[in-house]
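Report on the structure given below.
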Number of protein chains: 2
Amino acid sequence: MRSDCPLNYGLEIFGDKWTLLIIRDLMFFGKRYYSEFLESAEGISTNILADRLNTLEQQKIITKKKSKLHKQKVIYSLTQKGIDLLPVIVAIGLWSDEYADNLNPHRDIVIGEAKRNYTQGIKSVKLRLQKMHLE
Amino acid sequence: MRSDCPLNYGLEIFGDKWTLLIIRDLMFFGKRYYSEFLESAEGISTNILADRLNTLEQQKIITKKKSKLHKQKVIYSLTQKGIDLLPVIVAIGLWSDEYADNLNPHRDIVIGEAKRNYTQGIKSVKLRLQKMHLE
DNA sequence: ATAAACCACTTGTATTTTACAAGTGAATAG
DNA sequence: CTATTCACTTGTAAAATACAAGTGGTTTAT
């Protein structure tokens, strides 16, 4: 670790161009399989995806388990630590909504209530996520 | 741009291990000079710092101007777009407070009121920042 | 039963980014 | 006039990323 600054702690884990996109896919788009992450618009490559999934598992932000129905499929899920990244993703999304043009508005994902004061929105989406990712 | 996702917009600009640390230094530690950013604990190298400062200026997140008192010094300041990154930094900080050990608590920077619902905290720090960075 | 396709990766290599050390030129201090 | 400060730039080695191809089990189709 480079310092004891909390911002730095986060950045050392997900300070890159891909990690939070994987979290987003788990969080908002309900993706769970390796192949599903590959389909996302940004076009992550296979080795980078494998690397990030491993790091996220080590950091206990996601868990990995084999599907019992399809033995060759691996199911990735968010842990509580992962779900708690929601405010980070929301904050970035709202900032981008404000300053970028021609984006698919973040509002559609976070829902209107969250715009002004998104604490409540975060709580409700969190609850939904906690139920959703049991399998 | 890799996609029209708002999260991705943000990540393409500050999705790395250094950019938000520079914003933090401007925002919380009142740093304004190139040499001051170099002094931070994480140890950014000179070429990376120069590169990030340029990108941030292009993105209109910071402005650059020569000091009138010291002609060899350059003053960096946050624009409104930069100040509005506060919620992102706060969100990362609070997450880290929750999940990392032995960190210098983010609370000390964001102040107690911000913990539960940091919207108000964000507003007050924002106001201070807007006044502070006029020169 | 066998072949084809699927799935989650791994491997190899070229390209890009980062880290580290040193250097530059203008400005200021002694 | 000399030394130091300041904001960088440059060169190069090391690391990370991108792209293409391959691997080894698993499931599907015939």
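Residue numbering restarts at 1 for every chain, and letters A, B, ... go by the order of the sequence lines. These numbers come from a predicted model, not from an experiment.
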Problem - B:Q58 and B:N54: CA distance, side-chain angles, deciding distance, side-chain hydrogen bond (donor to acceptor under 3.5 Å, both in side chains) verdict - result: CA-CA 6 Å; B:Q58 281 174 221; B:N54 272 327; over 6 Å; no
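- For the pair B:K66 NZ and C:dA27 P, the interatomic distance rounds to 8 Å; values are reported in whole Å.
- Comparing A:I48 and A:H70 by the nucleotide of DNA chain D whose heavy atom lies nearest to each, the residue mapping closer to the 5' end is A:I48.
- Distances from the side chain of A:Q72 to the nucleotides D:dC8, D:dT26, C:dA26 place D:dT26 closest.
- Here the closest heavy-atom approach between residue A:S40 and residue A:D25 is recorded as OG-OD2, 2.6 Å.
- Side-chain atoms of A:T46 lie closest to C:dC9 of the nucleotides D:dC8, C:dC9, C:dT28.
- None of A:I23, A:L21, A:T19 except one satisfies the side-chain contact (heavy atoms from CB on, under 4.5 Å) rule with A:R52; the exception is A:T19.
- If you take NZ of B:K68 and P of C:dA27, they are 17 Å apart, rounded to a whole angstrom.
- With a 4.5 Å cut-off on side-chain heavy atoms, B:Y76 and B:L56 do not count as touching.
- Rounded to an integer number of Å, the gap from CZ of B:R2 to C1' of D:dA18 is 12 Å.
- At whole-Å resolution of the value, NZ in B:K64 and P in D:dA7 are 11 Å apart.
- Rounded to whole angstrom, the span from the CG atom of B:D51 across to the C1' atom of D:dA7 amounts to 15 Å.
- Within the 4.0 Å cut-off from OP1 or OP2 of D:dC6, not a single side-chain nitrogen or oxygen of B:Y76 is found.
- Atom CG in A:L53 sits roughly 10 Å away from atom P in C:dA8 (whole-Å rounding).
- A:N47 comes within 4.0 angstrom of a base, heavy atoms only.
- Shown for residues 11-21 of chain A: no residue has heavy atoms falling under 4.0 angstrom of DNA chain C.
- Residue B:I75 contributes atom CD1, which lies 16 Å from atom P of C:dA27 at whole-angstrom precision.
- Within the 4.0 angstrom heavy-atom criterion, only backbone atoms of the sugar-phosphate kind lie near B:S35; the bases stay farther away.
- For the pair A:F28/A:L86, a side-chain contact is recorded, criterion being any heavy-atom separation below 4.5 Å from C-beta on.
- Residues B:L38 and B:I44 form a side-chain contact, since some pair of their non-hydrogen atoms from C-beta on lies under 4.5 Å apart.
- Side-chain atoms of A:A50 lie closest to C:dT10 of the nucleotides C:dT28, C:dT10, C:dA21.
- Between B:Y33 and D:dC8, a side-chain N or O to OP1/OP2 separation shorter than 4.0 Å is absent.
- Contact annotation: B:K73 side-chain N/O to D:dC8 OP1/OP2 distance is not under 4.0 Å.
- Whole-Å rounding puts the B:I44 CD1 to C:dT17 P distance at 16 Å.
- Within the 4.0 Å cut-off from OP1 or OP2 of D:dT17, at least one side-chain nitrogen or oxygen of A:R52 is found.
- Taking 4.5 Å as the limit, some side-chain heavy atom of A:Q80 sits within range of a side-chain heavy atom of A:I83.
- Closest approach of B:Q59 to B:K81, counting heavy atoms only: O-NZ, 3.0 Å.
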